[in-house]
> 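One structure, pasted below without further comment.
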Amino acid sequence: MTNYDVRIARANALASDHPASAPLLKFYCELARFQKPIFSELDARNETDLRALVCHFPALIQLVSRSGTQLLANFAAERLQGTEAQLDLLSAAWEGGEVVEPAGRFYARVLLQPFAEYLASRGDIQASGAGPTCPFCNARPVAGVLRGEGDGGKRWLLCSLCSTEWQYRRVLCPGCGEENKDKLPIYTAAEFPAARVDACDSCQTYLKSIDLTKDGHAIPMVDEIATVALNIWAEEHDYVKLETNLLGM
Ligand SMILES: [Zn+2]
Ligand SMILES: [Zn+2]
């Protein structure tokens, strides 16, 4: 089983446990099924050139027109006609790390994620002693991952782009460096025993952490999507997510 198969299986399992998140998880499954052969192809060809991704735009645009939002479909119709515009978007997202428009970020990330994951799988990553951004590709984390019980438990951050995990202190805000425990509230909800919101009252950002000691079957990238109800809660309390997930949430 590849990472993508594991994610797809987890998303299917969570969709039946959490009907409210099922539409999101189903869309995510479609995206992961689309990404899987891209990763395999890059891997098989030792391909490290961004331009190899451009040929996948038509199928992605079609997938979105079938299963995505009108907003995403409109963006493709207006802004992603022709390989030049498509490559420009990919390059901007890859080199600059930031594409301001959420719809543009969505398209870029669906394609860049398997590309970055493939490159990370080749690289020798120094995953310890890293800062608040990914030690491999410098993108921001999309979630925390908790392993090990109690005070000795450790936290990793999960890269939003290449899925590298790196260890990060448990009581330290990746948004602003706050380390005062009283300013770093944690919120949980009974509905999601293995997820929590790690918020920061200094910079008003939050990320969710997935606690693998509470659910050994959790796949952080997918469980992060399934627990979108926690995002709504956090945003109602004026916290802004440090980094959106693949679906832009
Ligand atoms: Zn990364
Ligand atoms: Zn902060």
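Counting starts at 1 for both ligands and their atoms, following the listed order. Because only heavy atoms are used, hydrogens play no part in the values below, and waters and symmetry mates are left out as well, while side chains stay in.
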> When rounded to the nearest 0.5 angstrom, what is the spacing between OG in Ser65 and CG in Leu72?
11.0 Å
> Would you say the ring centroid of Trp233 lies under 6.0 angstrom from that of Tyr187?
yes
> Can you confirm if the aromatic rings of Trp166 and Phe136 lie within a centre distance of less than 6.0 Å?
no
> Suppose the cut-off is 2.8 Å; how many protein N/O/S atoms fall inside it around the Zn ion (ligand 2)?
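With waters ignored, the protein N/O/S count below 2.8 Å is 4.
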> Relative to the ring of Phe39, is the ring of Tyr4 parallel (under 30°), tilted (30 to 60°) or perpendicular (over 60°)?
tilted
> Does CZ in Arg147 sit with more than 12 non-hydrogen atoms of other residues, nucleotides or ligands closer than 6.0 Å?
yes
> With rounding to the nearest 0.5 Å, note down the distance linking CZ in Arg33 to OH in Tyr28.
11.0 Å
> Tell me, please, which residues at least two apart from Asp43 pass salt bridge (Lys or Arg N to Asp or Glu O under 4.0 Å).
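With sequence neighbours excluded, Asp43 shows a salt bridge (Lys or Arg N to Asp or Glu O under 4.0 Å) to no residue whatsoever.
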> Output yes when a side-chain donor or acceptor of Asn245 lies under 3.5 Å from a complementary backbone atom of Gly248, and no otherwise.
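Yes; judged by distance alone, with no hydrogens or angles, the pair exists.
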> Strictly under 2.8 Å of the Zn ion (ligand 1): which protein N/O/S atoms qualify?
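Protein N/O/S atoms under 2.8 Å of the Zn ion (ligand 1): Cys134 SG, Cys137 SG, Cys159 SG, Cys162 SG.
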> Indicate every side-chain donor-acceptor pair of residues 13-20 with a distance under 3.5 Å to a residue at least two apart or in another chain.
{"from": "Ser16", "atom 1": "OG", "to": "Asn12", "atom 2": "O", "distance (Å)": "3.4"}
{"from": "Ser16", "atom 1": "OG", "to": "Ala13", "atom 2": "O", "distance (Å)": "3.1"}

